[in-house]
Amino acid sequence: MAARFDAIIVGTGQAGPALAARFAKVGMQVAIIERNLFGGTCVNTGCIPTKALIASAYAAQLARRAAEYGVKTGGAVEVDMKRVKARKDAISARSRNGVEEWLKGLANCTVLKGHARFESAHAIRVNDELISAERIFLNVGTRPHVPPMTGLDQVPYLTNSTMMDVDFLPEHLIVIGGSYTGLEFAQMYRRFGSAVTVVEKSPRVVAREDEDVSLALQEILRGEGITVELRAECMAAEKRGERIVVKLDCDDGMREAVGSHLLLAVGRTPNTDDLGLQAAGIEVDGRGYILVDDALRTRVDGVWALGDCNGRGAFTHTAYNDYEIVADNLLDGANRSVRDRIVAYGLFVDPPLGRVGMTVNEIRRSGRRALIGVRPMTRVGRAIEKGETQGFIKIAVDADTKEILGAAILGVGGDEAVHCLIDAMYAKAPYTVIQRAVHIHPTVCELLPTVLGDLRPMAE
Ligand SMILES: Cc1cc2nc3c(=O)[nH]c(=O)nc-3n(C[C@H](O)[C@H](O)[C@H](O)COP(=O)(O)OP(=O)(O)OC[C@H]3O[C@@H](n4cnc5c(N)ncnc54)[C@H](O)[C@@H]3O)c2cc1C
């Protein structure tokens, strides 16, 4: 006989634990299952540890630049990788233990450790135990994607997960993938002291962004001594003695990157292949993401999918928002949907990129008439005072409705400043509201009204 619960939640990432707590609070009997580390990707191998490492890398960089600020240091800057890792581990552990203790301390919540697999639409096996519920919530996340690449089975490689165990300085790190994850690792290791080569198959890094953003990022990275190899359309890996070689052009073999370590940062694969979805009749798309409607219901009655595994978001904040949508709809009779969500995210290189809404390329494709405001960070007082003037602010608004369509703030504080625009967009306020707001001096945000006061028609 299967033990019965009111709700079963698979995975303790960014949606599962909050959902368990909310259900348990209203008296539902909940089972939550985790096969690996409590807190999932963000806590253990994603956002939290990478941002902790980036903070160490920033400290190293600032120490190298200390003289620019009139500060004397005692000679060359050295990075102690064991201490960098220990600091990162402590920060991750604090979150991980917090999630575990929270869940285990919840009344009405049973925490099961093991791999969950469907036996039927409403029954799941964990180890030797069979449990069932009318309502099942999948929050199983994703793992690093390993691309089919000639020779990759012959060379050792790292992923964002195994990078978490690195407590030494790679002499030369080759990063395959010039997108968000790849660039964060590339810059942090360069700042720790490694030689770094980024290999990207597109003609520019973070190709989803506008060209000006990609070019500014390339300039920032190259300025720090990172080699950026673009248009590596056909890659192959091989071991040459102790070195790892990545061939960038399989036809003529002329271009290659040679290093000591290889990091793969080429996207994610959903953890849906070993969940027994077929036994439940739950459908996935061609890449393995669980098909859901706008309220995150799968096509099987009583089964929902939240977080990265549903392919509707790829961030901690979108996974958490999935929890809010599902919980409010089920418990409060709300009618929330992912369609109400505005795209927003950060790229946490230094200086960071804060993004919201459409890119200018997307606006062009949409056929809307837009006005664009741009200001380089060299004309932002706060950036000048801090000695961090790389990047720019760019805001796009609808020429007819005055709504804010999108923004990219690449520059010091850009990840925070973009929230002025995010909130105005959620409030559906016209940009003129921000234009008349009195912001605090000296901040990056204080220039947003100025940028909005100097809008030009978008080039065709
Ligand atoms: C290097 C890196 C940096 C990132 N930085 C950021 C950032 O700065 N900001 C941001 O917003 N996002 C960032 N992300 C993305 C963010 O980490 C994810 O969007 C977020 O963790 C998704 O959470 P989730 O709840 O969907 O799944 P996850 O956090 O992946 O959790 C899924 C959980 O389910 C468990 N599980 C899977 N299958 C089973 C099973 N069959 N049985 C039992 N348990 C199972 C897993 O062990 C895991 O604990 C980053 C990601 C990476 C890789």
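Indexing begins at 1, ligand by ligand and atom by atom, following the structure's order.
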Should [X] be listed as contacting ligand 1, given a heavy-atom distance under 4.0 Å as the test?
| X | answer |
| --- | --- |
| Asp322 | no |
| Glu184 | no |
| Thr318 | no |

Can a donor-acceptor pair be found, under 3.5 Å and without considering hydrogens, that links the side chain of Asp210 to the backbone of Asn361? yes
[X], portion touching ligand 1 at heavy-atom distance under 4.0 Å:
| X | result |
| --- | --- |
| Val126 | neither |
| Thr181 | side chain |
| Tyr180 | neither |
| Arg117 | neither |

Short N-O contact, Arg22 and Asp328, less than 4.0 angstrom: yes
Relative to atom 21 (O) of ligand 1, which among Gly16, Pro144, Cys42 owns the nearest non-hydrogen atom? Cys42
State which residue, out of Val155, Leu173, Val166, Ile174, fulfils the side-chain contact (heavy atoms from CB on, under 4.5 Å) condition with His261. Leu173
Residues passing the salt bridge (charged side-chain N to carboxylate O under 4.0 Å, His left out) test with Arg297, sequence neighbours excluded, are Asp293
Verify the neighbour count for atom CZ of Arg208: are there more than 12 heavy atoms of other residues, nucleotides or ligands below 6.0 Å? no
